[in-house]
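Everything numeric in this text was worked out from a predicted model, so none of it was measured. Counting from 1, the numbers follow the sequence of the chain as shown.
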Amino acid sequence: MSTYLVPGQNACCHLTSIDAENQIPTEEELQAYNKLHEKLDDLLATLPKQKGWRSPNIFLHKGFWLTPQAIKGLLMIDDYFHPQSTDIFLATFMKCGTTWFKALMFATTNRHRYNFSDHPLHRNGPQCAFPFLDSHIFLDYPVTKFDHLPSPRLFATHFAHSLLPTSLSSPSSTCKFVYVCRDPKDVLISKWHFMSKLRSKELTPISFNETYELFCNGVSEYGPFWDHVLGYWKASQESPEKILFLKYEDMKREPSVELKKLAAFMGMPFTVEEEKGGVVGEIVKLCSFETLSNLEVNNDGGGAQKFTAQLVVENRDFFRKGKVGDWENHLTEEMRERIDSITETKLKGSGLSLGLTKRI
């Protein structure tokens, strides 16, 4: 059952499950759903596979490593998702600020609906702010419909730009994307910590050295990291009105400046009166790591977010440190140099600089 905030309400929306009245799928829907699963099984049998960070295996599909559940989501998006011209997507590689930017985008979009002193984000984890399209598309059997969401609809995705259907990615589409990237060294550390918490206890724990090697070789869920970043970077250069490319580190350094840039791109710029009234600062404060991580809902007494029937993540697991440069506590100089070298090689000639650390 999908769970996310619906603008105008103060609590998460729990969409009706299949067991409820009038939700039984038609025979035609069941046949289409069963065919999709057959297609998924046939596809997985042909794909190269590697060890997953969370699950036993991930599969190389069109140049990117995905879990079977992610591939299922991609197939369902292709077949069932109908974008609206005003849709706005938050696209990120895993552990690049998704939780933070979900809160920022929801608070900015709905700033006229809620008081900051009694905001729904106080009672719901940021991951609940709006649907994670990759999995929410199939959480309400046989397929989740998002027609009840008011415009502009907000969605999050980890899919690479080249994996998206043309209805979303083509230059003619009017959907907008906010892409957030981060220093790959911090991504590696954060992702290893996060996936270690989610990894099945039935599987052998995955060591940091093993994930380091896999990451450097491009093998991790939704990776390779550098190909993921470059896909959105190049698309943003070709269609800057369609894709806003942001860096996690810039938002940490100048949150008010970056938030105003974000709001303007989404078509909701702050007015002079709002800026004078401190609205920008209120949103920055509301969505800060310090504020969100200390809320009861994101702590021991908090809730959880359902991504698949098997994967439910507690809100507290989305919060660790939220710092820039935590990689220094984990990587040797040799490790740092190797990742920086890969980054420099992969991004050469693109005009993008990311996470390079020059030592004297």
Let me confirm one number: the [atom1]-[atom2] distance from [X] to [Y], rounded to the nearest 0.5 Å.
X	Y	atom1	atom2	answer
Phe138	Leu133	CZ	CG	10.5 Å
Leu154	Leu149	CG	CG	8.5 Å
Ile137	Ile77	CD1	CD1	6.0 Å
Lys176	Ile243	NZ	CD1	12.0 Å

[X] and [Y] ion-paired at < 4.0 Å:
X	Y	result
Asp250	Arg182	no
Glu38	Lys35	no
Glu213	Arg338	yes
Lys260	Glu275	yes

Could you give all pairs that pass the ring pair (Phe, Tyr, Trp, His ring centres under 6.0 Å) test and reach [range], with sequence neighbours left out?
range	answer
residues 248-286	Trp100-Tyr248
residues 41-63	none
residues 64-98	Phe81-Phe155, Phe89-Phe155, Phe89-Phe177, Phe93-Phe225, Phe93-His228

Exercise. Would you say Lys234 has more than 12 foreign heavy atoms packed within less than 6.0 Å of its NZ?
Worked result: no

Problem set entry | Criterion salt bridge (Lys or Arg N to Asp or Glu O under 4.0 Å) on Lys185 and Asp326, from CA distance to verdict | CA-CA 8 Å; Lys185 300 187 292 297; Asp326 183 52; over 6 Å; no

For this session: Sequence neighbours left out, what passes salt bridge (charged side-chain N to carboxylate O under 4.0 Å, His left out) with Lys49? Give chain and number order.
Result: none

Problem set entry | Those residues that, when tested against Lys51, pass salt bridge (charged side-chain N to carboxylate O under 4.0 Å, His left out) (two or more places apart) | Glu210

For this session: Examine distances only and state if a side-chain atom of Thr108 and a backbone atom of Ala263 form a donor-acceptor pair shorter than 3.5 Å.
Result: no

For this session: Show your reasoning for whether side-chain hydrogen bond (donor to acceptor under 3.5 Å, both in side chains) applies to Ser55 and Thr67.
Result: CA-CA 8 Å; Ser55 55; Thr67 63; 5.8 Å; no

For this session: Identify, with sequence neighbours excluded, every residue that meets side chain to side chain contact (heavy atoms under 4.5 Å, CB included) alongside Thr332.
Result: Glu334, Met335

Exercise. Shortest non-hydrogen contact from Pro224 to Gly63?
Worked result: CD-O, 3.4 Å

For this session: Look at the rings of His122 and His119 and say which category their plane angle falls in: under 30° parallel, 30 to 60° tilted, over 60° perpendicular.
Result: perpendicular

For this session: Please work out whether the ring planes of Trp192 and His330 are parallel, tilted or perpendicular, with thresholds of 30° and 60°.
Result: perpendicular

Exercise. Any side-chain donor-acceptor pair under 3.5 Å between Ser220 and Lys191?
Worked result: yes

